[in-house]
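Have a look at the structure below before the remarks.
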Amino acid sequence: MDFSIKAFNTKNAIAEHKSSCIAVGVYEGGKLTQAAKALDQHGALTSALKSGDITGKPGTTLMVHPASGPAKRILLVGLGTQDGVTERNFISAVQAVARVFTTLGAVDGMLALPLDGVKGRDAHWALRAEVIALRESIFRADGLKSKKDDNTGGVRKVTIVVEANDVATKRTLSQSVALANGMDLAKTLGNLPPNICTPTYLADTAKKIAREFSLGVEVLDRKQLEALKMGSFLSVTNGSDQPPKFIVLKHLGGKPKEAPIVLVGKGITFDTGGISLKPGSGMDEMKYDMCGAASVLGTLRAVGEMALPLNVIGVIPACENMPSGRATRPGDIVTSMSGQTIEILNTDAEGRLILCDALTYAERFKPACVIDIATLTGACVTALGHHNTGLFTRHDDAHDALAKQLIAAGKYANDTAWRMPVEDAYQEQLKSNFADIANIGGPPGGSITAACFLERFTKQYTWAHLDIAGTAWKSGAAKGATGRPVPLLTTFLLDRLQH
Ligand code: BES
Ligand code: MN
Ligand code: ZN
């Protein structure tokens, strides 16, 4: 989908502009927005309103075919109440337009919603929300279908009407497209089947991104991981015939001495549970267990395309968790790269086992902060459902500040996170009689004890953990990866530029 922006100087100009379809807003109570009024020269919109076919309820639409005028079609879309359109209402209006656009017999469309009327947000926010919603509407997961889903028709070129066609607005547009590209990558990787999206495939994808956006990339293989003494990570790969890969992707756009932000993504390309085998029903969804890794690749793709003046490093431990005669057993004790010994009481709690070594590895970058992203626990889904990502950090001033930034970024990006506790009381549950730490803490507070496990490997820096088990993909009829939390992470990084 091609995007361009256009600014009109006088009210009349928009009315004189030729287009196959222009979408404009209606407020509740049947009030036209400014752009809509300008297009209503011959009263086509007023009479549409009079018909009662559209009232302005958020997300409702009505297509009007004016008898005359330069616009062939005018799409009315409801924005809700006029005084302060809510973020939710604005987004549902754009989604409604996007849905209609995909069915049009025209390739170009215009979007002329009031960008500066959203409560608490500015026109840059609204422009980004439009691009993201439009791009989401055309995303298809039919790459492996012999007959493609019906996605050939519809609007392909979108002109967004803006207040001013200035440098800042142009930058917002290109950054929004870069963000959408990052989300697309994360979604595509997440949806790929586990026989294609292997650790090697993730490594090859990282190399491709590196080539395209001039990032640094390094892929460590089993021998190098053995030399680094990543005994915990390697224990998870024991049962798999797919070679493990440890991916390091570097976007060094900031000052050479500036401490980098490190993103660590869980890259389990399939999680059977190992010897602690998962039940069969719905096990296919464990192909999504690499969505943390996919979000790191998507975010690095986005910041690479944006050429952000920041140092960002992605670290991805990638492997499969499979049962076999060589697989790790419950009861096995392994030594992590940090030197801490771990009693593996459940081989299905493997995410923390690969992440802990990656978190130790991250120390070498002397990071400004480290954020790990993982589909870590079913317990997080129980706690927060599918709306919020679980956010875990220690509780001191530096970590409170980081948590605040991540929460704000999530709100801005409509990709929210909710803070959970990390406290010593929970650490007690990880006691082992035979090793320094056990890899499970029992059913109570399962997402918290998982975070507490990781916490023990992050003492050297400021750290946050994002549990995306409930937010990275959808089940049921709309089954598919969501691209989350690429918007949260990318927004967080963009916000760092202003500091
Ligand atoms: N990848 C899963 C977490 C998961 C489960 C994500 C369901 C999304 C939906 C993780 O590796 C796992 O299996 N966790 C276990 C931990 C338990 C054994 C302590 C879980 O959540 O059941
Ligand atoms: Mn597991
Ligand atoms: Zn897992």
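Every number for a ligand or one of its atoms is a count from 1 in the order of the listing.
Taking all heavy atoms of Arg352, Met286, Glu285 into account, the minimum distance to atom 7 (C) of ligand 1 is reached by Met286. For atom 17 (C) of ligand 1, the nearest non-hydrogen atom from the set Ala450, Ala349, Gly274 belongs to Ala349.
Checking Asp289 against the Mn ion (ligand 2), every N/O/S atom stays at or beyond the 2.8 Å cut-off.
Side-chain contact of Thr347 with Asn321: a donor-acceptor pair under 3.5 Å is absent, judged by distance alone. A donor-acceptor contact closer than 3.5 angstrom links the side chains of Trp463 and Asp372.
The nearest protein heavy atom to atom 14 (N) of ligand 1 is closer than 4.0 Å.
The Zn ion (ligand 3) sits nearest to atom OE2 when only the N, O or S atoms of Glu350 are considered. The closest approach of Asp289 to the Zn ion (ligand 3), by N/O/S atoms, is made by OD2. Counting just the N/O/S atoms of Asp271, the one with the shortest distance to the Zn ion (ligand 3) is named OD2.
In terms of N/O distances under 3.5 Å, ligand 1 is approached by Asp289. The distance criterion of under 3.5 Å between nitrogen or oxygen atoms is not met by Thr377 with respect to ligand 1.
Applying the 4.0 Å criterion to heavy atoms of Lys266 picks out, from ligand 1, the atoms 1 (N), 10 (C), 11 (O). Within the listing of ligand 1, atoms 19 (C) sit less than 4.0 angstrom from a heavy atom of Ile440. Proximity to Glu350 (heavy-atom distance under 4.0 Å) selects the following atoms of ligand 1: 11 (O).
The existence of a salt bridge linking Arg419 and Asp400 is confirmed by a sub-4.0 Å separation between a basic side-chain nitrogen and an acidic carboxylate oxygen. Asp289 and Lys266 are joined by a salt bridge, as a carboxylate oxygen and a charged side-chain nitrogen come within less than 4.0 angstrom of each other. Looking at Glu226 and Arg222, no side-chain N of the basic residue comes within less than 4.0 Å of a carboxylate O on the acidic one, giving no salt bridge. Residues Glu136 and Lys187 are paired through a salt bridge, judged by an N-O separation under 4.0 Å between the basic side chain and the carboxylate.
Rounded to 10°, the angle formed at the Mn ion (ligand 2) by OE1 of Glu350 and OD2 of Asp271 is 100°.
In this structure, Arg456 is not positioned above the aromatic face of Phe453 in the sense of NZ or CZ being under 6.0 Å from the six-membered ring centre and within 45° of the axis.
Tested against Ile344 for a side-chain contact (heavy atoms from CB on, under 4.5 Å), the candidates Pro330, Ser432, Ser235, Ser276 yield a single pass: Ser235.
A heavy-atom separation below 4.0 Å is not found between Phe270 and ligand 1. Residue-ligand proximity: Leu376 is placed with a non-hydrogen atom under 4.0 Å from ligand 1.
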